[in-house]
Novice: 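Structure incoming, see below.
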Amino acid sequence: MAAATRDKFDRPIVAVTGIGVVTSLGVGKSDNWTKLSGGVSGIKRISRFPTEGLRTNIAGAVNEVYRQDMSPAELSERVALLAGEEAIAEAQIGGKGRFPGPLYLAPPPLEIEWADRIAMTEMAAANADTTYPDLMRVARDYAARHGAFRFAIIGEHLAEHFGTEGSPISLNTACASGASAIQLGVEAIRRGDCQVALAIGADASLTPESLVRFSLLSALSTQNDPPERASKPFSKNRDGFVLAEGAAALVLEDLDHARARGARVLGILEGVGEKSDSFHRTRSSPDGKPIVATIRNALADAGVAPEEIDYINAHGTSTPENDKMEHLGVSTVFGEAIRGIPISSNKSMIGHTLTAAGAVEAVFTLLTLQHQRVPPTINHAVPDPAIPLDVVPNAARDAKLHRAMSNSFGFGGQNVCLVMALEPA
Amino acid sequence: MSGRREVWITGVGLITCLGEGLEANWSHLQRGGPPLYDDKSFAPYIVHPLPPVNFDRQIPKKSDQRQMELWQRIGVYTAGLALNDAGIAGKPELLDGTDMIVAAAGGERDIPADTGILTGMRKVAERGPFLNERLMSDLRPTLFLAQLPNLLAGNIAIVHGVVGSSRTFLGEEAAGVDAVRIAQARIAAGQSELTLVGGAYHATRWDVLLVFEQSGAALTGAFAPVWDRGPHGGFAPGNMGAFLVLESREHAQGRGARAHARLLPVVSDRNKRQPGEIEATLRRQWESIAPHVDRAHAGIISGAAGLQPTTAAERTALKDFGLPVRNTGTYIGHGLEVQFPANLAIACAALEHGRMFAPAGTGDSGASPSRMSQVVVTSVGNWRGEGLGLVERVT
């Protein structure tokens, strides 16, 4: 038997052998990649609920998957399942309902929804003001008809459906969650706890309240017309992100395990870096140090130098704050060389898929390496002179790419950076 | 393979209705006597209150306190207790590399805003626009930050400067077990030297009770010990915060830190909860840790919450383990994500005293071992997830 293949730090090498994705652009890699590399936007006017009275009435919704009256939990589970099935089918691993490794899931935070509260209020038929004790009175009857609320329901259902091993982990690191799910899988394989892991990020929680919450923090774009032009990362006239839905799944596998079973290796997860920011609940430290440390930690974990990065998949939310800080971060790490590295934001087309974003964009980064073609940052009509980056404006570009980085930054000082590469010869 | 390096618990922070700190909790559990519960404020539901806490002692800035809801204040406060206890509070050279795994639920609702909207909703024809308009005017921007599950970790980073890394696990009891499991495994494998792990639970609120009334899990009626709550049972949500500082032995010894206990690899799993499955999972988990257990000097701290059939199934399984059993839920209530870290904290107190505390209810069995040096901590989730942890005295 051949000696185990190890990375520079004598750890098992983590390969990606299957990927799946669902966004507002469509279901599956093929549809998504065609549109993403074609510069097509998935942002549309919201049709799922009335938007009168809201400042923002656009989103990147997964309309192709949504069915009438699906709750955010149901829809998030559905897109996670579709992405997971695509990834597992590609990896050709395990048997039906028998995935040979653990599940690391980044779901949206769940709670009882307004639709439920309103329905319980009607059941309670209180005379005067509605109170929580009124809801309590009917809660069990309501649950008997509609199912009880469960915090961990998505992970439980996915674990059951895919037959993953052990206790499924649901995690949240805000807008870095999808990347953290991948990181947990990478760490588990490196520890030798498992040889295969399924990492999924899923978020389909477009509701009036989710829009309002981000609106009240002035995080969303209000340039509603036309919807497809609203998300314009790194542009001078950017004014916020566009809330979006999506899911992505990656089958992570010890490279030796993948090779032994003759699996096709889509890429290598070479390194993961993280660093928390203690500056503010929603803003980055103005000196950019946590972002810089995150990127440097990822490069160090991968054992590569900045000049070995050929492409950066930006967090690029299109908020004034993020894009400025991301520019500061990458230009600090890469120095003058950053002017020669393409850095583009998928969010210009799919919006911000929140807890799914880190996984969705990792999948897109792998597709970028696979196709040797960099997807564009669309809507780049008014460049920001303070951000002199090669954002691959408006049109995709062929390029020779071996290694790429994907950034994820979130509220609460969450920062994660992934380094991915094509399989070594 | 986890377990290559020893993992020590070098810091503990604990708040339950019994008080703040290990000694306050230990002395009440040891003394026995009437549990502290509140069956009036949320009648007919029974909850365990929060003891008086001077948040200023760990969260000096009022501006920080204003940005948090109570679950976050409890958590940031308790995390501060653990960091102090470990001797790393206020030491940026250590905190800069300290990792963090927090187990959390969703955040808190604004009850008056919710009920105001629901009341108004009944009088309008166009509900969608009404909901939008009222949400825009009634929701406080800062409330969102209290609703994001990862903002307990975020606030700990801001207030205490723990900035190595930050991850938040979701999903009731299993999230607490897996948070400790992953934290232990990372240190054992050399992926971390120092990790703060734990969580906080604000139980005395209607939005929490609504969730558990839906699933029929919330205790109503007369209070009884967790083992003795009748055929349906129920748990009494408890306000609590629990954090542990886990550290590699090498790192702890290098800085002269003292160990409360050694934490062995934690085991966790799930099943579909068909009859007999809880018992089977616990037995399988027990078999995996039993070779490390010194039966003459070991006891079990059960996380049983009082809900059925889970509590009865756990009781059946524990009988086969043949160790003395004590539960904490009768006294501290049930803190979901926080229960497992809280019980590990109490296990540290028991190890320091070398014995078990007083029994409470018919499922607590066996005399305390003399010179107790090991404690097995159990977790059986109210809906899903089973886990075991083993802590032992460092000699």
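All of these numbers come straight from a predicted model, not from anything done at the bench. First the proteins, then the strands, lettered A, B, ... as listed; each starts at 1. Side-chain atoms are counted along with the backbone in the values below, which use heavy atoms only and exclude waters and symmetry mates.
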Novice: Heavy atoms only, distances under 4.5 angstrom: which of B/Trp383, B/Trp206, B/Phe169 has the most pairs with chain A? Name it, please.
Specialist: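 With the most close heavy-atom pairs to chain A, the winner is B/Trp383.
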Novice: Which bit of A/Pro168 comes within less than 4.5 Å of chain B, counting heavy atoms only: side chain, backbone, both or neither?
Specialist: both
Novice: Check whether any side-chain N or O of B/Gln214 sits under 3.5 Å from a backbone N or O of A/Phe149 as a donor-acceptor pair, and report yes or no.
Specialist: yes
Novice: Please check if the side chain of B/Thr119 supplies one atom and the backbone of A/Thr130 the other of a donor-acceptor pair under 3.5 Å.
Specialist: yes
Novice: Could you check which of A/Gly412, A/Ala152, A/Ser167 has the highest count of heavy-atom pairs closer than 4.5 Å to chain B?
Specialist: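 So the answer, after comparing A/Gly412, A/Ala152, A/Ser167, is A/Ser167.
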Novice: Is B/Arg122 reaching over with its side chain to a backbone N or O of A/Ile118, donor-acceptor style, under 3.5 angstrom?
Specialist: no
Novice: Using heavy-atom distances under 4.5 Å, tell me whether B/Gln147 contacts chain A through its side chain, its backbone, both, or neither.
Specialist: side chain
Novice: Name the member of A/Glu111, A/Glu187, A/Gln183 that forms the most heavy-atom pairs with chain B at distances under 4.5 Å.
Specialist: A/Glu187
Novice: Using a cut-off of 6.0 Å, state whether more than 12 heavy atoms not belonging to A/Glu52 lie near its atom CD.
Specialist: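 Counting other residues, nucleotides and ligands, CD of A/Glu52 exceeds 12 neighbours.
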Novice: As an exercise: rank B/Leu139, B/Asn382, B/Val177, B/Leu135 by heavy-atom pairs under 4.5 Å with chain A and give me the winner.
Specialist: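 The residue among B/Leu139, B/Asn382, B/Val177, B/Leu135 with the greatest pair count is B/Leu135.
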Novice: Can A/Asp193 and B/Arg186 be said to form a salt bridge (Lys or Arg N to Asp or Glu O under 4.0 Å), step by step?
Specialist: CA-CA 10 Å; A/Asp193 286 357; B/Arg186 292 185 78 240; over 6 Å; no
Novice: Judged by atom type as modelled, is there a donor-acceptor pair below 3.5 Å linking the side chain of A/Gln414 to the main-chain atoms of B/Ser166?
Specialist: yes
Novice: May I ask you to name which of A/Leu217, A/Ile169, A/Leu135 has the most heavy-atom pairs under 4.5 Å with chain B?
Specialist: A/Ile169
Novice: Considering all heavy atoms of both residues, which atom of A/Ile112 and which atom of B/Val211 are nearest to each other, and what is their separation?
Specialist: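 Heavy atoms only, the tightest pair is CD1-CG2, 3.8 Å.
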Novice: Regarding A/Arg150 and B/Glu172, does a basic nitrogen lie under 4.0 Å from an acidic carboxylate oxygen?
Specialist: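 Looking at A/Arg150 and B/Glu172, the cut-off is not met.
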Novice: With the side chain counted from C-beta on, respond yes when B/Asp114 and A/Tyr132 share a heavy-atom pair under 4.5 Å apart, and no when they do not.
Specialist: yes
Novice: Can you tell me which of B/Ile158, B/Thr115, B/Val267 forms the most heavy-atom pairs within a distance under 4.5 Å of chain A?
Specialist: B/Ile158
Novice: Tell me, for A/Ser177 versus chain B, whether the close heavy atoms (under 4.5 Å) come from the side chain, the backbone, both or neither.
Specialist: neither
Novice: By a 4.5 Å heavy-atom criterion (distance strictly below it), what part of B/Leu151 contacts chain A: side chain, backbone, both, or neither?
Specialist: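 Answer is side chain: those atoms of B/Leu151 sit under 4.5 Å from chain A.
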Novice: Do you know which of B/Gly216, B/Gly387, B/Ala218 has the most heavy-atom pairs under 4.5 Å to chain A?
Specialist: B/Gly216
Novice: Quick check on the interface: out of B/Gly154, B/Gly164, B/Ala174, who has the most heavy-atom pairs with chain A under 4.5 Å?
Specialist: B/Gly164
Novice: For the residue pair A/Arg190 / B/Gln191, report whether a side-chain donor-acceptor contact shorter than 3.5 Å exists.
Specialist: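 The criterion, which ignores hydrogens and geometry beyond distance, is not satisfied for A/Arg190 and B/Gln191.
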Novice: Is it the backbone or the side chain of A/Ile153 that comes under 4.5 Å from a heavy atom of chain B, or both, or neither?
Specialist: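 Contact with chain B involves both backbone and side-chain atoms of A/Ile153.
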Novice: Given a strict heavy-atom distance threshold of 4.5 Å, which part of B/Phe130 is in contact with chain A: side chain, backbone, both, or neither?
Specialist: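 Contact with chain A: none, neither part.
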Novice: Report yes if the side chains of B/Ile182 and A/Arg191 come closer than 4.5 Å at any heavy-atom pair, otherwise no.
Specialist: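 Yes, close enough: below the 4.5 Å cut-off.
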Novice: Would you mind checking which part of B/Met121 comes under 4.5 Å of any heavy atom in chain A, side chain (CB onward), backbone (N, CA, C, O), both or neither?
Specialist: side chain
Novice: Which heavy atom of B/Glu213 sits nearest to which heavy atom of A/Ala139, and what is that distance?
Specialist: CG-CB, 3.7 Å
Novice: Determine, step by step, whether A/Leu216 and B/Phe144 satisfy the side-chain contact (heavy atoms from CB on, under 4.5 Å) criterion, reporting the C-alpha distance in whole Å, the side-chain angles of both residues, the deciding distance to 0.1 Å, and the verdict.
Specialist: CA-CA 9 Å; A/Leu216 292 176; B/Phe144 182 24; over 6 Å; no
Novice: Do you know the tightest heavy-atom contact between A/Pro50 and B/Asn132?
Specialist: O-ND2, 2.9 Å
Novice: At a heavy-atom separation under 4.5 Å, does A/Phe411 approach chain B through its side chain, its backbone, both, or neither?
Specialist: both
Novice: Side chain, backbone, both or neither: which part of A/Ala159 has an atom under 4.5 Å from a heavy atom of chain B?
Specialist: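 Both the backbone and the side chain of A/Ala159 come within 4.5 Å of chain B.
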Novice: Shorter than 4.5 Å, heavy atoms on both sides: which option in A/His146, A/Glu122, A/Glu160, A/Arg55 has the most such pairs with chain B?
Specialist: A/Glu160
Novice: Heavy-atom pairs under 4.5 Å with chain B are the metric here; pick the option from A/Gly166, A/Gly53, A/Pro109 that has the most.
Specialist: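 Looking at each of A/Gly166, A/Gly53, A/Pro109 in turn, A/Gly166 comes out on top.
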Novice: Checking B/Leu209 against chain A: side chain, backbone, both or neither under 4.5 Å from a heavy atom?
Specialist: both
Novice: Are any of the side-chain heavy atoms of B/Thr142 and A/Arg281 separated by less than 4.5 Å?
Specialist: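 No, every pair of side-chain atoms sits at 4.5 Å or beyond.
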Novice: Find the one option among B/Ser165, B/Ala104, B/Gly190, B/Gly171 whose heavy-atom pairs under 4.5 Å with chain A are most numerous.
Specialist: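 Sorted descending by pairs with chain A, the first entry is B/Ser165.
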Novice: Would the distance check show the side chain of B/Asn150 and the main-chain N or O of A/Asn172 forming a donor-acceptor pair, the cut-off being under 3.5 Å?
Specialist: no
Novice: Can you tell whether the side chains of A/Glu209 and B/Arg109 come within less than 4.0 Å, N to carboxylate O?
Specialist: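 Looking at A/Glu209 and B/Arg109, the cut-off is met.
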Novice: Out of curiosity, A/His280 NE2 to B/Leu145 CG, how far, rounded to the nearest 0.5 Å?
Specialist: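 If I round to the nearest 0.5 Å, the distance is 8.0 Å.
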Novice: Contact part of B/Arg384 toward chain A, heavy-atom cut-off under 4.5 Å: side chain, backbone, both or neither?
Specialist: side chain
Novice: Indicate the ring-plane relationship of B/Phe212 and A/Phe151, choosing parallel, tilted or perpendicular according to the 30° and 60° boundaries.
Specialist: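 B/Phe212 and A/Phe151: tilted rings.
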Novice: Taking side chain as everything from C-beta outward and backbone as N, CA, C, O, which of these in B/Leu131 sits under 4.5 Å from a heavy atom of chain A? Side chain, backbone, both or neither.
Specialist: side chain
Novice: What part of B/Leu118 gets within 4.5 angstrom of chain A, counting heavy atoms only: side chain, backbone, both, or neither?
Specialist: both
Novice: Is it the side chain or the backbone of A/Ser180 that comes within 4.5 Å of chain B heavy atoms, both, or neither?
Specialist: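 For A/Ser180, no heavy atom lies under 4.5 Å from chain B.
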